[in-house]
Visitor: 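First, the structure itself, so that you have it in front of you.
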Amino acid sequence: MEYMKIAFQGELGSNSHTAVLQFYGETSVETVPCRTFEEAFSAIPNGLADAAVIPIDNSSNGRVADVHHLLPKSGLHIIGEHFLPIEFQLMGLKGGRAEDARQVLSHVHAHGQCRGVIRKYGYESVTVHDTAGAAKIVAERGDPSQVALAPKLAAELYGLDIFEASVSDSDDNTTRFVVLAPDPYEVTGREAQVVTSLVFKTRSVPAALYKALTGFATNGVNITKLESYIADASFAVAQFYADIDGAASDPDVALALQDLNYFSENVLILGSYPASSFRKGV
């Protein structure tokens, strides 16, 4: 049996690793962990992976800035999405105790999302590159004065005990991942719901954004997400990322995109793909 090779950013046991296993199934893929987003993106054209599963935004921390800059230049297409509820576990060496530790290792976002348990034990926060990487470090060092905030999968992979489960401050913390591939998803019309993702840069004229988006309103196309970000050092014109309901080939969407193209310097369709069942109504 030939396995698909799927790249992700982070160590084995990370939330991205979990997202890969949930989207593709644990028995059908060979995972390709990458240290950076750049490595994960380049793994596909370099022949190291068939696809990649990449976080694009989080309900608590907003968009993943690096990804918004890398996506338009990657030449890759979004072919799917996956929503992962994020749960952090407080973990340490087997036989240890949470109250005996002095430092907690994790990614900066995990520290920000688990302030309650950090205050509870009076830990010093030590930032490392990845949540699962924190668990790996704790296991390798064998120092009972250090614990980690990491996903459950990391405790299983690195042989750590979970001292406290689900220690996030919020119980509705969710990350949205996109699945990237070299070829676009072919919409069949049998999908329950389709999402189209795109980036565009408006012309530098008054009311350009209003005019560019008018076509979506007049053609009844729902915009579910719209974000602006600075694309270069000039700070003169913002670039926008958008998710809309429907496929780019749908007649109403196609008309809306015509208007968008007219009032924009450039429009790049990142992909039309099946909506996750996590979305309401799917």
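Computed over heavy atoms, backbone and side chain alike; hydrogens, waters and symmetry mates excluded.
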Visitor: Test side chain to side chain donor-acceptor pair (under 3.5 Å) on Gln239 and His68; report intermediate values, then the result.
Guide: CA-CA 10 Å; Gln239 186 153 296; His68 281 66; over 6 Å; no
Visitor: Salt-bridged, Glu265 to Arg203, with N to O below 4.0 Å?
Guide: no
Visitor: Hydrophobic clustering (ILVMFWY, side-chain heavy atoms < 4.5 Å, transitive) - are Leu48 and Val29 grouped together?
Guide: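 No, it is not one cluster - the side chains of Val29 and Leu48 are not joined through contacts under 4.5 Å.
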Visitor: Quick one: pull up OG in Ser277 and NE2 in His82 and give me the separation to the nearest 0.5 Å.
Guide: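 Separation between the atoms: 9.0 Å.
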Visitor: Is it true that Thr175 and Asn58 share a donor-acceptor pair across their side chains at a distance under 3.5 Å?
Guide: yes
Visitor: Can the ring centroids of His17 and Phe8 be said to lie less than 6.0 angstrom from one another?
Guide: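 Between His17 and Phe8, the centre distance is under 6.0 Å.
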Visitor: So, Ser59 side chain and Asp172 main chain: donor-acceptor pair closer than 3.5 Å or not?
Guide: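 Indeed, once roles are kept as given, a pair shorter than 3.5 Å links the two residues.
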Visitor: Do Tyr229 and His69 have ring centroids that are under 6.0 Å from one another?
Guide: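 Here the rings of Tyr229 and His69 have centres that are less than 6.0 Å from each other.
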Visitor: Taking the side chain as C-beta and beyond, is there a heavy-atom pair between His111 and Thr127 under 4.5 Å?
Guide: yes
Visitor: Let me confirm one number: the OG-CD1 distance from Ser74 to Ile54, rounded to the nearest 0.5 Å.
Guide: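 Output value for this atom pair is 9.5 Å.
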Visitor: Just by distance, do the side chain of Ser276 and the backbone of Arg279 share a donor-acceptor pair under 3.5 Å?
Guide: no
Visitor: Would you confirm whether Ser264, through its side chain, and Asn261, through its main-chain N or O, come within 3.5 Å as a donor-acceptor pair?
Guide: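 Not a single qualifying donor-acceptor pair exists.
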Visitor: Does Tyr273 reach the side chain of Val187, with side-chain heavy atoms less than 4.5 Å apart?
Guide: no
Visitor: Run His129 and Glu11 through side chain to side chain contact (heavy atoms under 4.5 Å, CB included) and show every step you take.
Guide: CA-CA 9 Å; His129 68 284; Glu11 298 272 3; 3.4 Å; yes
Visitor: Is Glu39 reaching over with its side chain to a backbone N or O of Arg35, donor-acceptor style, under 3.5 angstrom?
Guide: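 A pair under 3.5 Å: yes.
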Visitor: Below 4.5 Å, heavy atoms only, C-beta onward: do Asp250 and Thr196 meet side chain to side chain?
Guide: no
Visitor: Is there a side-chain contact between Leu84 and Thr174, using heavy atoms and a 4.5 Å cut-off?
Guide: no
Visitor: Look up atom OG in Ser28 and atom CZ in Phe23, then write down how far apart they are to the nearest 0.5 Å.
Guide: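 Nearest 0.5 Å value for the OG-CZ distance: 10.5 Å.
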Visitor: To the nearest 0.5 Å, what is the distance between OG (Ser125) and CG (Leu149)?
Guide: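 Here the interatomic distance stands at 8.0 Å.
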Visitor: Would you check, one step at a time, whether the test side chain to side chain contact (heavy atoms under 4.5 Å, CB included) holds for Gln258 with Leu255?
Guide: CA-CA 5 Å; Gln258 284 182 16; Leu255 288 172; 4.1 Å; yes
Visitor: Between Glu191 (side chain) and Gly189 (backbone), is there a donor-acceptor pair under 3.5 Å?
Guide: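 Yes.
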Visitor: Would Phe240 end up clustered with Ile78 when hydrophobic side chains under 4.5 Å apart are linked, directly or stepwise?
Guide: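 No, because Phe240 and Ile78 fall into different hydrophobic clusters, even though each may have its own neighbours under 4.5 Å.
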Visitor: With a 4.5 Å heavy-atom cut-off, do Leu270 and Val199 have their side chains touching?
Guide: yes
Visitor: Where do Ala134 and Leu105 come nearest, in terms of heavy atoms and distance?
Guide: CB-O, 3.3 Å
Visitor: To the nearest 0.5 angstrom, please state how far the OG atom of Ser272 sits from the NE2 atom of His77.
Guide: 11.0 Å
Visitor: Is the shortest side-chain heavy-atom distance between Val194 and Tyr185 below 4.5 Å?
Guide: no
Visitor: Are the side chains of Leu260 and Val267 in touch, meaning some heavy atoms are under 4.5 Å apart?
Guide: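 Answer yes - side chains close enough.
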Visitor: If you compare all heavy atoms of Val53 against all heavy atoms of Ala19, which two are closest, and at what distance to 0.1 Å?
Guide: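 It is CG1-CB, 4.1 Å.
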Visitor: Supply the atom-to-atom distance Asn15 CG to Ile86 CD1, rounded to the nearest 0.5 angstrom.
Guide: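 Reported to 0.5 Å precision, the distance equals 4.0 Å.
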Visitor: Assess whether a salt bridge exists between Lys225 and Asp57, defined as any Lys/Arg side-chain N lying under 4.0 Å from an Asp/Glu carboxylate O.
Guide: yes
Visitor: Of Leu257, Asp245, Leu226, Asp259, which is the lone residue that meets side-chain contact (heavy atoms from CB on, under 4.5 Å) with Phe216?
Guide: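 The residue from Leu257, Asp245, Leu226, Asp259 that satisfies side-chain contact (heavy atoms from CB on, under 4.5 Å) with Phe216 turns out to be Leu257.
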Visitor: Phe83 and Phe278: aromatic ring centres closer than 6.0 Å?
Guide: yes
Visitor: Any ion pair linking Lys5 and Asp50 (charged N to carboxylate O, less than 4.0 Å)?
Guide: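 The answer is no: the pair does not qualify as a salt bridge.
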Visitor: For the residue pair Ser168 and Glu87, what are the closest heavy atoms and their distance?
Guide: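 Looking at all heavy atoms of both residues, the shortest contact is OG-CA, 4.2 Å.
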Visitor: Just do the side chain to side chain donor-acceptor pair (under 3.5 Å) check on Asp243 and Thr224 with the steps written out, would you?
Guide: CA-CA 6 Å; Asp243 290 330; Thr224 58; 4.8 Å; no
Visitor: Linking I/L/V/M/F/W/Y whenever any side-chain heavy atoms sit under 4.5 Å apart, do Phe200 and Leu70 land together?
Guide: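 Hydrophobic grouping puts Phe200 apart from Leu70.
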Visitor: Does any donor atom in the side chain of Tyr241 or Ser197 lie under 3.5 Å from an acceptor atom in the other side chain?
Guide: yes
Visitor: Can you tell whether the side chains of Glu164 and Lys120 come within less than 4.0 Å, N to carboxylate O?
Guide: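 Result for this pair is yes, salt bridge flagged.
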Visitor: Can you confirm whether Tyr121 sits close enough to Val104 that some side-chain heavy atom of one is under 4.5 Å from a side-chain heavy atom of the other?
Guide: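 When only atoms from C-beta onward are counted, Val104 and Tyr121 do not touch, as no gap falls below 4.5 Å.
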Visitor: Return the minimal non-hydrogen interatomic distance between Pro151 and Ser14, and the atom names on each side.
Guide: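 Answer, listing the atom of Pro151 first, then Ser14: CG-C, 4.0 Å.
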Visitor: Hey, mind stepping through Thr131 and Phe88 against side chain to side chain contact (heavy atoms under 4.5 Å, CB included) and telling me if it holds?
Guide: CA-CA 9 Å; Thr131 53; Phe88 292 110; 3.6 Å; yes
Visitor: Looking at Arg176 and Glu81, does any basic side-chain N land under 4.0 Å from a carboxylate oxygen?
Guide: yes
Visitor: Establish, from distance only, whether the side-chain atoms of Gln146 and Tyr123 form a donor-acceptor pair under 3.5 Å.
Guide: no
Visitor: Following the transitive rule for hydrophobic clusters with a side-chain heavy-atom cut-off under 4.5 Å over Ile, Leu, Val, Met, Phe, Trp and Tyr, establish whether Val195 and Val221 coincide in one cluster.
Guide: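 No, separate clusters.
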Visitor: Which heavy-atom pair separates Gln89 from Ala165 by the least distance, and what is that distance?
Guide: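 For Gln89 versus Ala165, the nearest heavy atoms are OE1-CA, 3.0 Å.
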Visitor: Minimum heavy-atom separation for Gly95 and Asp161, please, with both atom names.
Guide: N-OD2, 3.0 Å
Visitor: Starting from the C-alpha separation in whole Å, work towards a yes-or-no answer on side chain to side chain contact (heavy atoms under 4.5 Å, CB included) for Leu21 and Leu153.
Guide: CA-CA 11 Å; Leu21 298 182; Leu153 181 60; 4.2 Å; yes
Visitor: Do Phe37 and Val32 share a hydrophobic cluster, counting only Ile, Leu, Val, Met, Phe, Trp and Tyr and linking them when any side-chain heavy atoms are less than 4.5 Å apart?
Guide: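 No, separate clusters.
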